[in-house]
Amino acid sequence: MQHRLKCFPSPKIALMLGFCAFMSGCGSGYDKGFPSSIWTTGSTVRVSQTLQLGTETGVTGSPLTYWVNGVKGGNAQFGTVDSKGLYTAPALVPTPDNSVTITSLANAFPQDTPGMAKVSVLNPIPIISSVTPSMFSEGTSTITIIGAQFIYGAQIFWNGVAVPTTFVSNTELAASISAPNPGTYSLMVNNPDPGSANSAVVSEVVGPGKVVLVLQTNAGTTVRVTNSVKIGLTVSGTNNTGVTWTVNGTPAGNAQIGTIVANADGSVTYTAPAIVPTPNNVVQLTAVSVDDPTVSISQNISVYNPIPILNSAAPMAFDVGPSTVVLTGSNFINGAQVLMNGAPVPTTFNSGGQLTATVSPTDPGDLDLQVLNPSPGPATSTDLIAQVNGTPPVPLVSPEDASRFLAQATFGATDGDIHHLSKIGYTAWMNEQFNIPATLHEPVVEQSLVLNNPLCAVGDVKCNAALFVQNDGDDAYLEGSFWQQAIAGSDQLRQRVKYALTEQMVVSSQDFALAEMPRGMANYYDVLGADAFGNFRQLLEDVTLNPMMGQYLSVMGNDKGDATRDPDENYAREVMQLFTIGLYQLNPDGTQKLDQTGQPIPTYSNLDVMGLAKVFTGFSWNIPGDQSNTAWSNCCAYVGTGFGEDILPMQSFPNHHSTEEKDFLGVTIPTQSNPDPVGDLKIALDTLFDHPNLPPFVCKQLIQHLVTSNPSPAYVGRVSAVFQDNGAGVRGDMKAVLTAILLDDEARNSAAASSNPQYGKVREALIRYVEWARAFTAQSRNGSYNLGSTEDPIYGLGEMSLRSPSVFNWFAPGYVPPGTSIAKAGLLAPEMGMTDVSTVVGYLNYMQSAIGAGATTGPDVFSNYATEIGLAGTPDQLLDRINLLLMAGEMDGTLRGQILSAVNSIAIPTGDQNAINAALANRVKTAIFLTMASPSFSAQF
C-alpha cells in the first residue's frame, strides 16, 4: 500500500498556507488531494490576459490535467489552461457570471480529490490611440475615438462628465460633444463593470466657433404682395443661435420692401409689401450671426403682383359695337388689362377696385370678361359672363364640340377658348396656335437657379457646375414651370403635343444624372416643343443628340468598342422599338403584317441592333472646338449662364466612332478608313425616317395620346398617309399630321363617337387635374406654381412630367387591363397601366384638396370660383357650366341627377352673409368634385 504525503509546513509548503482555501486534500496523515493542489497568485484577470497557476507537481512529479468550468483544457468562452498551468482569459467576459472555476487532477493519482481555484474575469482597460477631429470649434461636434479594447457599454467622458456614446466596434467609439466655449477639455473612455477601468486621459482643444447658417425654402421663394412666406433657418457651430435679419439691408425691413419677423421655432416669416418693390421686384433677406457677425446667409425673394378679383361689371348687357364697361373688384393694379373672350381690350386703371374698359362685341351671345394683372407674376381673375343683345349667330362649332376638341388639343377647355373656337372654327384656331411663339421652360429654370443661388462668375466653372449640372435640389423649378405653362400658357396646342411627345420619347429625372441637370431637362422639353410643329426627321435628330437623351439611353460617351467590348446597344434598340418603327412590321393602317403561319413579323433582329449601335458611337459633351478626352468624358468643363454642355447638342468625336461595317435594316455602311460619325448618323436616321413602319407607328401613338386609345385602322391609315405626304411632297410634316389627327371625322364626329363603345380614352390623372385648373381659372397663390411632388400614388396624382419610372413611360401604348370587359372586347386602355386602387384613391385625395383650396389655405394653386358661386343658387345652371367645361356636355342623366341631389342637400341659410357664401361655395366644390370623381369624367370622348 502506497503512503501519501501529509500536508505539513516544509519551507516550500509554508508558502502555500495562505492559499489553503483553494487547495483540496489538505489534511493529516494520508489525506488525498495534495498532488492535485493548485492556487493562484491573484483572484482576477482581465480578458485576453494570462494568469499562472501554482501547482504541486514539483513534489509528486506527476503532471496535472486542467478543466475550466468543467471543460477539459477550457475553451474560447471560459478561457483555456495549457499543460503548464497558464490560464488565458477569454476575449469577452463570460456570462452570466464573470467567474470561472478551474479544477485540476494529477495524472498519476486519478482517484485523488481534484484541486480547485476560482478566477474572476474582468473587462479590459480601454486604450485611446487618436481622436478625430483633433481640434474642433465651439458648439456641438461629433467626435470619433480610435483605439483598442473598447467594449459594448463603454462611455466617453468629456471634461469629467459622461456623454451619450455610440459603440461602433472594439476599436471605435463616437459621441456628440457640446463645447459652448473655447478651451482645453479632458477626454477619456471608461469600460464598465466587471472591472470598470479608465483609459489614459487625453486633452482636446476647442477653438472659437465656426458658425454655419443653412436656409430651408420648402415654401418657395416667391410671394405675392401682402402675402407671407415662411423660411426655415438652422444655426450650427455655436450654442448662441441668435441671428439678426435684414431686408435689402434694412433691419427687419419696412413697408416698401416688406418685413421679416422671427418665429419661435427658429424660422422667419417674410411679409411682402402692398406694392411690388421698384425698380426690382426681387428683395434680399439676410441673416447675420450674433455670435460671429462675419457669418451671414442671404436669400432672394421675388415679389409678384396680386391675383385680381373680379366681382361685378356694369353694364352686364351690351349691344353689338363699342361700349364702355366698368369692372369692380379688388387687387387691380396699374397696368391691369381687361380681357373680352380672352383677348385684351383698351383699359383704364381707376383704382385698385375699379377698371374701365372699351369692349366692341361683334356677335350677340355670351361675353366673357376677365381681368389680367401683368408681370411680375401675371394672374387672371375668374370669368364674369355678360350678354350681348340680339340673336346669336349660328356658331361654326357648337360650344359642346368646342369643349370636346379642346380636351383633345389642349390641357383643357376654358370659357374664353370655347367662345373663341366656336366663333372662328377648328382650322383657323389651329393656324393661330401654329403661329403662337413657343413659351420656353429653360430660361425660366435658369433664371430661378441664378436668382436663388450664389451668383457665379462666368469663368468660375466649379460654381457654375454646382448650379447647372451638379444640382439635384432644384428640379422643382422645372415642375413649377411645367404647371404654369400647362395651366396658363397661351400656346396650348404646343403644350399638349410636347407633353404627348415626352411620353413617347422618354427621358426621366428619376435617373440620377438627369436629376442633377434641371436646366438641361427644361431644354429637352423645349426641344420637343420647338419640333412639335416642325418635321419629324428634325425631331428625331434633335432627340438623338440631346445630352439628356444621351445620358438616359447611353449615347453619351458610347465608345467604338474593342476586342473585348462592343458598343452600347441601349439607344439603338429603344430608338427602333419605342421612338420610330416598333417591334413588328405594320401595314399603312397600323395593323400588323402576318407571315404564312399567321404570326407577326419582327421589324428588326438583334443583328440590326448591333449594327445600329455602331452608328451611335463617338458622340459626347459639346465644348465648342474641343475634341480632347476632357471634353469627351467631362460634363462640367464648359457651363455658365446662357451656355453649357447640358443645353448644347452632343458633338461628334471621330476618334471614338466605330469604323467597322454597320449593317442594319437592309442598309450597309462599309468599313471606313476615316471615321464619319455625322455621316453615319444621317444615314441611320434617314433609314429610320423612311421606314414604312414609322408613319403608322408614330401616328397611332399620337392619336392615342390626344384622341382615342383604339383608333380604327382607317383613321390611322388616313393620318399615316398625311405623314408620308402632306400634299406638297413633304414627309413628316408635324403640322399636317396634327391637323389630320384632330380634324379627322373619327375625332370630330361626336355623335358617332358617343355611340361607339370602342371610342375614347382614359384621361391621365395629371391631365384631369390641369383640366380642372384651366376650367376654373386656378391661380398660384405665391406665383411659382409650387405643387411639390405629385407622384405619390396615395396622396398625389401618381405621375409627373419628365419623371416616369422607365423609358417605357408611366404606361405602355399597348396595355390591356387583364380580366376586364376592355380585355374581353380586344381593346387597349394604355392609361390604365398606371391605374389601381392606390392611384384611384390618390387622385380623389389630391383633387379633394385641390378643389377645396383657398386664397390662404391648401395647395398653392387654387380657384375662388366666383362665376360658379354666382350660379350655385340655381344648381341646374351650375351643372350646365360644369358639364360644358369638364365633360363637353356629355354628362348623362343619372350622374347629373346624383350630383344635383347632393348639391340641393346643401341648404342655403338666410341672414348671415358669411354663412350664405360658405354654403354656396360648398355647393360649387361638391358639384365639381363629384363630377371629377365620376368614371364618366375619367373617360374622354
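It should be emphasised that the depicted structure is a prediction, and the values quoted were computed from it without experimental measurement.
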Asker: Look at the rings of W772 and Y769 and say which category their plane angle falls in: under 30° parallel, 30 to 60° tilted, over 60° perpendicular.
Answerer: tilted
Asker: Keeping the roles fixed (side chain from N726, backbone from G732), state whether a donor-acceptor pair exists under 3.5 Å.
Answerer: no
Asker: Hey, does the side chain of H656 reach the backbone of K560 with a donor-acceptor pair shorter than 3.5 angstrom?
Answerer: no
Asker: Can any side-chain N or O of S448 pair as donor or acceptor with the backbone N or O of V444 at less than 3.5 Å?
Answerer: yes
Asker: What I want to check is whether the side chains of S780 and D860 have a donor and an acceptor closer together than 3.5 Å.
Answerer: yes
Asker: Can you see whether T668 engages D663 through a side-chain donor-acceptor pair at a distance of less than 3.5 angstrom?
Answerer: yes
Asker: Could you please spell out the steps behind the side chain to side chain contact (heavy atoms under 4.5 Å, CB included) verdict for Q485 and Y785?
Answerer: CA-CA 10 Å; Q485 293 188 28; Y785 291 81; over 6 Å; no
Asker: Thinking salt bridges, do D686 and R537 make one under a 4.0 Å N-O criterion?
Answerer: yes
Asker: Verify the distance criterion only: is there a donor paired with an acceptor across the side chains of S605 and D608 at less than 3.5 Å?
Answerer: yes
Asker: Please verify the inter-ring angle class for W632 with F653; under 30° counts as parallel, over 60° as perpendicular, anything in between as tilted.
Answerer: perpendicular
Asker: Heavy atoms, side chains only, cut-off 4.5 Å: are E442 and I647 in contact?
Answerer: yes
Asker: Checking the side chain of N435 only, and the main-chain atoms of N431 only, is there a donor and an acceptor separated by less than 3.5 Å?
Answerer: yes
Asker: Show your reasoning for whether side chain to side chain donor-acceptor pair (under 3.5 Å) applies to R803 and S509.
Answerer: CA-CA 5 Å; R803 292 278 298 165; S509 59; 3.2 Å; yes
Asker: Are side-chain N/O atoms of E791 and Q510 paired as donor and acceptor at under 3.5 Å?
Answerer: yes
Asker: Per the ring pair (Phe, Tyr, Trp, His ring centres under 6.0 Å) rule, what does the pair list look like for residues 448-475, sequence neighbours excluded?
Answerer: none
Asker: Which of these, N587, L586, N693, sits in a side chain to side chain contact (heavy atoms under 4.5 Å, CB included) with K593?
Answerer: N587
Asker: Under 3.5 Å, is there a donor-acceptor pair between the side chain of D491 and the main chain of T439?
Answerer: yes
Asker: Between T790 and Y846, is the side chain to side chain donor-acceptor pair (under 3.5 Å) condition met? List the steps.
Answerer: CA-CA 9 Å; T790 61; Y846 196 84; 5.9 Å; no
Asker: Hey, does the side chain of N786 reach the backbone of G480 with a donor-acceptor pair shorter than 3.5 angstrom?
Answerer: no
Asker: Walk me through whether L702 and L501 qualify under side chain to side chain contact (heavy atoms under 4.5 Å, CB included).
Answerer: CA-CA 8 Å; L702 281 172; L501 290 173; 4.3 Å; yes
Asker: Please examine the side chains of V698 and T580, heavy atoms only from C-beta on, and report whether any two atoms are closer than 4.5 Å.
Answerer: no
Asker: Can you tell me if CZ on F434 sees more than 12 non-hydrogen neighbours from other groups inside 6.0 Å?
Answerer: yes
Asker: Does Q592, at its CD atom, have more than 12 non-hydrogen atoms belonging to other residues, nucleotides or ligands within less than 6.0 Å?
Answerer: yes
Asker: Q585 and P602: which non-hydrogen atoms are nearest, and at how many Å?
Answerer: NE2-O, 3.4 Å
Asker: Apply side chain to side chain contact (heavy atoms under 4.5 Å, CB included) to the pair R519 and V639, showing each step before the final yes or no.
Answerer: CA-CA 11 Å; R519 184 179 69 164; V639 60; 3.6 Å; yes
Asker: Judged by atom type as modelled, is there a donor-acceptor pair below 3.5 Å linking the side chain of Q492 to the main-chain atoms of A409?
Answerer: no
Asker: With sequence neighbours left out, write down each residue that passes ring pair (Phe, Tyr, Trp, His ring centres under 6.0 Å) with Y525, or none if nothing qualifies.
Answerer: H441
Asker: Quick one: does any side-chain atom of R768 pair with a main-chain N or O of R763 as donor and acceptor, under 3.5 Å?
Answerer: yes
Asker: Any sub-3.5 Å donor-acceptor pair from N300's side-chain atoms to L451's backbone N or O?
Answerer: yes
Asker: Is the F536 ring parallel, tilted or perpendicular to the F689 ring (thresholds 30°, 60°)?
Answerer: parallel
Asker: For the side chain of Q704 and the backbone of P813, is there at least one donor-acceptor N/O pair under 3.5 Å apart?
Answerer: yes
Asker: Do the side-chain N and O atoms of E764 and Y499 include a donor-acceptor pair separated by under 3.5 angstrom?
Answerer: yes
